[in-house]
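Chain A is the first sequence line, chain B the second, and so forth, proteins listed ahead of strands; every chain is numbered from 1.
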Number of protein chains: 2
Amino acid sequence: MRADARRNRERVLTEARQMMKEDGVDVSLREVARRAEVGIGTLYRHFPTREALIRAALMDGIENLARWAEDSADAEDPGEKLVAWVRSFALGAARYRGLPDHMLSAATDASSNFYRICQTLTAPGEKLLARAQATGEIRADVTVDDLFAAVNAVGWVAQTGDRDRATTLLELVLDGLRTRTA
Amino acid sequence: MRADARRNRERVLTEARQMMKEDGVDVSLREVARRAEVGIGTLYRHFPTREALIRAALMDGIENLARWAEDSADAEDPGEKLVAWVRSFALGAARYRGLPDHMLSAATDASSNFYRICQTLTAPGEKLLARAQATGEIRADVTVDDLFAAVNAVGWVAQTGDRDRATTLLELVLDGLRTRTA
DNA sequence: ACCTGAACACCGTTCAAGT
DNA sequence: ACCTGAACACCGTTCAAGT
């Protein structure tokens, strides 16, 4: 990759990260290019689709979350670890407006640029969930995909309505997730 | 209201209803005007905002749902009635793409054209919820607003991801809503 | 009273022309 | 190899001019 190309890529990414943090993930691509002082064509050359840009911009945070799940998979209290992970996942998804939409849309669409990102999260999440279910703390009939959808729904509520409603929904979901102790 | 004005209003409404059923609530207003064979300015005259149009287009269905809640409020099994109502609410919200977004956004924004519609639903919903809580079947610390957010979240999942995930989320929420029998 | 559509300020996306 | 921006086909919204 040529030096100027690499520089342009980085400029776009920097600007995109900042703008997405403030105005959400569906910012104007034109505006991103403008602020990065780059032609709109250049933006498209490096990131052929909006999802590719989001992916590149948020990769780090997502990989952190994935690592967290991996590290927690071998703990002796997987149930509590899962709950903690779900909490911070929901919080992270809520931080970028519009992100839950892209996440959940991509989860079922293998052709999406975002599909891999979803899997980055669901793969370690699945292990953690399985371990938590094995201890009998978590309902056995829930899949990672169910969990993924639920977490994004909480994030959606947090950014569409108000935060209090989102935390209530999260509690309801976590409550529903736990097995009843007869 | 002049006869031609009334006719134009009706034409717009008819077209809007059909298009929204197919393509969701965020259809192009220009396109609605086009199909209704009406100037774009005429559409804006009758419906100064998109939310006003959605409101007029979906009023009937929403009032039906509200009536249902009212009629159920005096039943002897309010807990079951509430669950049934929540189910059909979630189903209704899922039928129009983008509707949950507008619903939840408007719920906390009294200046919105949609606010009254939300209240049309939450007012009778609140009564039903209170009665269900009085019997001890439903958690006492949940408000109508929490319920409203949760239901719309289920609708959101139904149209963003797939239906199976939405029904699972609904079951988790309903499960969380029930009080634990020790 | 009401209708119309041009006008304005934006988009996303592509692609010929340039270096 | 890469960059640029004009070009195309769309939006939402307003408002002067018409009947």
**Report entry** Separation of A:Asp23 CG from A:Gln18 CD (nearest 0.5 Å)
**Finding:** 10.0 Å

Query raised in the report: Quick one: salt bridge (charged side-chain N to carboxylate O under 4.0 Å, His left out) partners of A:Asp26, sequence neighbours excluded?
Result: A:Arg50

Query raised in the report: Reading DNA chain C 5' to 3', what string of ( ), [ ], | and . shows its pairs, if Watson-Crick and G-U wobble pairs count only when both distances fall under 3.5 Å?
Result: ||.|||||...|||||.||

**Report entry** Set of ring pair (Phe, Tyr, Trp, His ring centres under 6.0 Å) partners for B:Phe148, sequence neighbours left out
**Finding:** B:Phe89

Query raised in the report: When the distance from CD of A:Glu37 to P of D:dT4 is rounded to whole Å, what number comes out?
Result: 10 Å

Requested in this report: For residues 90-100 of chain B, pull every pair meeting side-chain hydrogen bond (donor to acceptor under 3.5 Å, both in side chains), keeping only residues two or more places apart or in separate chains.
Outcome: none

Query raised in the report: Considering only the C1' atoms, how many Å lie between C:dC15 and D:dC3, rounded to the nearest integer?
Result: 13 Å

**Report entry** Short side-chain N/O contact to C:dC3 OP1/OP2 from B:His46, under 4.0 Å
**Finding:** yes

Report task. Hey, could you give me each pair passing salt bridge (charged side-chain N to carboxylate O under 4.0 Å, His left out) that has a residue in residues 60-89 of chain A? Not counting sequence neighbours. Result -> A:Arg87-A:Glu171

Query - Whole-Å distance separating the CZ atom of A:Arg45 from the P atom of D:dC2 - result: 5 Å

Report summary line: Applied to residues 132-152 of chain B, the side-chain hydrogen bond (donor to acceptor under 3.5 Å, both in side chains) test, sequence neighbours excluded, yields A:Arg165-B:Asp146, A:Thr168-B:Asp146, B:Thr135-B:Glu137, B:Arg139-B:Asp141, B:Thr143-B:Asp146

Requested in this report: Specify the separation, in whole Å, of atom CZ of A:Arg6 and atom C1' of D:dA1.
Outcome: 15 Å

Query raised in the report: Which value, rounded to the nearest 0.5 Å, describes the distance between A:Leu58 atom CG and A:His102 atom NE2?
Result: 10.5 Å

Report task. Please identify each residue that fulfils salt bridge (charged side-chain N to carboxylate O under 4.0 Å, His left out) with A:Arg30, with sequence neighbours left out. Result -> none

Query raised in the report: How does each nucleotide of nucleotides 11-19 of chain C score, in 5' to 3' order, for protein heavy atoms under 4.0 Å: base (B), sugar-phosphate only (S), or none (-)?
Result: BBBBB----

Query - For DNA chain C, the residues among residues 10-25 of chain B that have a non-hydrogen atom under 4.0 Å from it - result: none

**Report entry** Atom C1', compared across D:dA7 and C:dC11: separation rounded to whole Å
**Finding:** 14 Å

**Report entry** Short side-chain N/O contact to D:dC2 OP1/OP2 from A:Asn8, under 4.0 Å
**Finding:** no

Query raised in the report: Under the salt bridge (charged side-chain N to carboxylate O under 4.0 Å, His left out) test, which residues partner A:Arg11, sequence neighbours left out?
Result: A:Glu37

Query raised in the report: Going by the ring-ring contact (aromatic ring centres under 6.0 Å, His included) test, which pairs reach into residues 151-179 of chain B, not counting sequence neighbours?
Result: A:Trp156-B:Trp156

Requested in this report: Just jot down the salt bridge (charged side-chain N to carboxylate O under 4.0 Å, His left out) partners of A:Arg17, sequence neighbours excluded, or say none.
Outcome: none

